[in-house]
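Structure first, commentary second.
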Amino acid sequence: MAVPIPARGEPGGLSWVSGVLMLGVLVLVDVVLGRQLNGAYAGAAVLTAINADLRRTAGVAGLTVVASIASGVWNDNLGERDWAVRFATCVLICGLALLAARANTARRERLVRTTTLAQRVLDALAVELTGARTVKDVAEGFVGHTMGALGATSAMVLTLDADGVLRTLTWHGRSGSGADHYQEVPLTSDLPGAVAVREGRDVHYRSVKEIVAAFPDLAGYYATDRSLHLLPLHRDGTTYGLLAITFPPDLFTPHEDGFLHSLAGALTSAVRRGVELQDHDAATQRTVLLAEASMTLSRSLDMDTTVAEVGRLLVPRFADWCSLQLLRDGRLETVSLQHRDPDTTEWARSLMGAFPTRMDAPAGSALVARTGQTEIYPFIPADLIEASATSPEHLELLRGLGLTSAIIVPLVGRDGVVGTLTLIHAESGRRYGEEDVAFLEAVADRVAVALDTAATFEHQSERLAGVTLVAEAAQRAILAPPPARVGPVALSARYLSAAVEAQIGGDLYEIVAGPSSVRMLVGDVRGKGLGAVRTATVVLGEFRAAAASTGDVAHVAREIDRRIVPYLPDAEDFVTGILVDIRADGCFDVVSCGHPAPVLLSSRGVVEAIALDHSPPLGLGVDPVVGRGRLTPGDRLLLFTDGLIEARSPDGGFVDPAPFLPLVGRSDFGTALDGLLASLKEAAGHALDDDLALLLACYDPEGATSA
């Protein structure tokens, strides 16, 4: 709190000394010259009253009266007529000086009080309004600190809307249930706030008696006596609203009305700044949100996921409430309802079926569904809420939500309107404008396309159920789970296909027990679908045949390359592959044919990528260079396809799998790959966009001996 600066004449000031000196000079003249001046002694009290407070003025006046009496003594005319006239004049002037001093003291006290209050309010608001980004934030911060600093009984801010109605933006210290009738104040009404705004001037009532005398309908509204101050928020020919404050009686006098006017001026400036910031933030959010909607809504083919994404995108950045309704059997069915507060969302969803939309309603989502035209409500009048209610209970519920603005956009699919998207502002106090219409229609177009695509996919998924079963059988036959162990090597594999409708793609793996080792292949066929399945089948068969020979893995790769060429659909097709040969002593050979190198995982959590020279993919003519290494008991080799390193995060960047790999080397062998897949999906935030084959081999010679 700022410390007020002492006014002249307060304790410690020397302004009273001039009055004492003047009195001394007059007394000296009276004594030396013998000219009786006791009537003029009062000039000392007058001089003191100009600058000093009442206490010091009274002191000088007292000395003046005593000196005037003493003048009659040394002039030897005490009690005579001439002395009496002068003495009476002195007393009268001293009395007037005391009255003037009292008035000056009161004025100074009011000035100090007003300055102190202003400093308190400004200090508090300087901190509070720095972070305010909306008009509602500005009003809440202003009213809250004003009540605390000024001792107000109540304070409210109302905005003036285009329909000529003052609507409450924030109200502290409401006076009970009767206040509900004054949430909206038409300018045509006979109410104090309407009068102040209509006439464009500050209006002050010093007591409830004055209020009731001017507005009889308010009799009984105020439970205790108070003053009422109505201050229009007006600047450059535009009225933004009204500040209404009440105080205990006599707390603010007419002399301080100017201070209240300045207070309203400060609020007007803050409101204008809030409008500018609010508009700027909304414009920025529109650009960001439209880009995010385009990317997010196209990512999923699941209806429930798409519906949930709509609410997540728009709330709370662009709405306090978001409702998505779809036309089903000629009626609007609410499929999603989202509020900025999770608890309120759950409460609202529990009531979704209780108040069905009337399809013949003259306004709201029913009208938008019928006409296919966007409806925007920059403000929500009481009659619109009444028209939207389906029952008295529904009306009471709607009134309690504090809705301030709404926009309803049609969702237009290939066959016409398929539903509506309703966005509402409430607690934030924000308003929708015409600039929001085109943006939200663009969002609605993307929502409609995503919903249409999801619905089509669901329909096609049902039709492809039989194909799916066949594909699953093919997957089990082609990529059967590997044996738990082959010689000294424990094995685990996982396959994940991105081709949902076929449940299988072109990734492959196989394990063969060679003459003196365990041989493994992980590969990826260029392309997807039945052609990729056919090529994968050929590659697996040729690997089994070539791996049974005595040649090294480079020889096996060359044999596969030679044998599959006649089976490739065209000259540009190929298969990437990684081949590994693990012997009983833990030594291993590995070759890469255009495929990512395997990763060595130790039981201590150390991760090491195998360094390899890469040859072209299989089918394009290969002559690979063999890489070599050695496994100690417990070491694991992870072979994988590019689905592991090409998964994308929600922002479009690649997911780095490196942080997930140490755990694969330390965790339980049977579930290690499940943990890796779970971490990858969580980081991606959605279904993977590419097939993924994983093969994990653990060198475990002791297990082979015990087996």
Side-chain angles (χ1 to χ4, degrees), residues 471-497 503-528 531-565 567-568 573-583 588-599 610 615 617-619 622 624 626 636-644 673 691-699:
E472 289 175 345
Q475 177 180 338
R476 287 193 297 270
I478 297 172
L479 296 178
R485 172 178 295 279
V486 176
V489 180
L491 298 164
S492 177
R494 297 291 186 273
Y495 181 85
L496 193 64
S497 174
Q503 292 297 313
I504 193 167
D507 289 11
L508 54 91
Y509 61 80
E510 184 60 287
I511 298 94
V512 173
S516 59
S517 62
V518 178
R519 292 184 166 178
M520 300 178 292
L521 165 68
V522 169
D524 187 358
V525 178
R526 179 178 179 269
K528 294 186 183 297
V533 173
R534 178 176 178 273
T535 302
T537 304
V538 172
V539 173
L540 292 173
E542 298 302 338
F543 171 69
R544 296 186 191 104
S549 68
T550 57
D552 61 9
V553 287
H555 169 76
V556 174
R558 289 191 293 269
E559 285 296 303
I560 297 173
D561 176 72
R562 179 178 61 82
R563 295 178 184 183
I564 68 171
V565 171
Y567 299 98
L568 296 176
D573 284 338
F574 57 82
V575 180
T576 66
I578 196 82
L579 292 88
V580 179
D581 188 40
I582 303 176
R583 294 182 286 279
F588 67 87
D589 298 338
V590 57
V591 297
S592 170
C593 301
H595 198 86
V599 176
I610 305 299
S615 77
L618 299 167
V622 302
V626 178
R636 300 175 181 181
L637 272 181
L638 176 64
L639 287 67
F640 54 89
T641 56
D642 57 9
L644 178 65
L673 294 182
D691 303 331
L692 174 59
L694 299 171
L695 180 61
L696 187 63
C698 178
Y699 180 58

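Residues take their numbers from the sequence shown, with the count starting at 1. This structure is a prediction, so every number in the text was calculated from the model and none was measured. Atoms considered below: every heavy atom in the structure, side chains included; atoms not considered: hydrogens, waters and symmetry mates.
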Open item on the list: Less than 4.5 Å apart, side chain to side chain, heavy atoms only: is that true for Leu491 and Tyr509?
Closed with: no
Open item on the list: Restricting to non-hydrogen atoms, name the atom on Pro482 and the atom on Ser492 that form the minimum distance, rounded to 0.1 Å.
Closed with: CG-C, 4.4 Å
TODO: Please round to the nearest 0.5 Å and tell me the distance separating atom CD1 of Ile564 and atom OG1 of Thr537.
DONE: 12.5 Å
Task: Student check: side-chain heavy atoms of Val539 and Leu521 closer than 4.5 Å - done: yes
Open item on the list: Using the side-chain hydrogen bond (donor to acceptor under 3.5 Å, both in side chains) criterion, which residues pair with Glu559? Sequence neighbours excluded.
Closed with: Arg562, Arg563
- [ ] Using the side-chain contact (heavy atoms from CB on, under 4.5 Å) rule, pick out the option among Val525, Thr535, Asp524 that qualifies with Leu508.
- [x] Val525
TODO: Could you check if a side-chain atom of Ile578 sits within less than 4.5 angstrom of a side-chain atom of Val590, using non-hydrogen atoms only?
DONE: yes
Task: Nearest atoms (heavy-atom pairs only) where Val489 meets Ala697 - done: CG1-CB, 3.7 Å
Open item on the list: With rounding to the nearest 0.5 angstrom, report the CG to CD1 distance, Leu637 to Ile610.
Closed with: 6.0 Å
Task: Minimum heavy-atom distance between Gly619 and Leu568, given as atom pair plus value - done: CA-CD1, 3.9 Å
Open item on the list: Can you list everything that forms a salt bridge (charged side-chain N to carboxylate O under 4.0 Å, His left out) with Asp573? Sequence neighbours excluded, please.
Closed with: Arg526
- [ ] For residues Pro596 and Phe640, report the shortest heavy-atom separation together with the two atoms involved.
- [x] CB-CE1, 3.6 Å
- [ ] State whether the side chain of Thr576 and the backbone N or O of Leu618 hold a donor-acceptor pair below 3.5 Å, judged by distance alone.
- [x] no
Task: Side-chain H-bond candidate by donor/acceptor type, Thr641 with Asp507, under 3.5 Å - done: yes
Task: Gap separating the CG atom of Leu638 from the CG atom of Leu673, nearest 0.5 angstrom - done: 6.5 Å
- [ ] Using salt bridge (charged side-chain N to carboxylate O under 4.0 Å, His left out) as the criterion, list what pairs up with Arg519, not counting sequence neighbours.
- [x] Asp581
Task: Residues forming a salt bridge (charged side-chain N to carboxylate O under 4.0 Å, His left out) with Arg558, sequence neighbours excluded - done: Asp623
Task: Spacing of CG belonging to Leu692 relative to CG belonging to Leu694, to within rounding of 0.5 Å - done: 4.0 Å
Task: Any side-chain heavy-atom pair of Arg583 and Asp589 under 4.5 Å - done: yes
TODO: Please identify each residue that fulfils side-chain contact (heavy atoms from CB on, under 4.5 Å) with Val512, with sequence neighbours left out.
DONE: Glu510, Phe543, Arg544, Ala547
- [ ] Rounded to the nearest 0.5 Å, what's the gap from CG on Leu579 to CG on Asp552? Could you check?
- [x] 10.5 Å
Task: Counterpart residues, salt bridge (charged side-chain N to carboxylate O under 4.0 Å, His left out), relative to Asp561 (two or more places apart) - done: none
Open item on the list: Quick one, His595 and Leu639 - any side-chain contact, counting heavy atoms below 4.5 Å?
Closed with: no
TODO: Return the minimal non-hydrogen interatomic distance between Pro624 and Val591, and the atom names on each side.
DONE: CB-CB, 3.8 Å
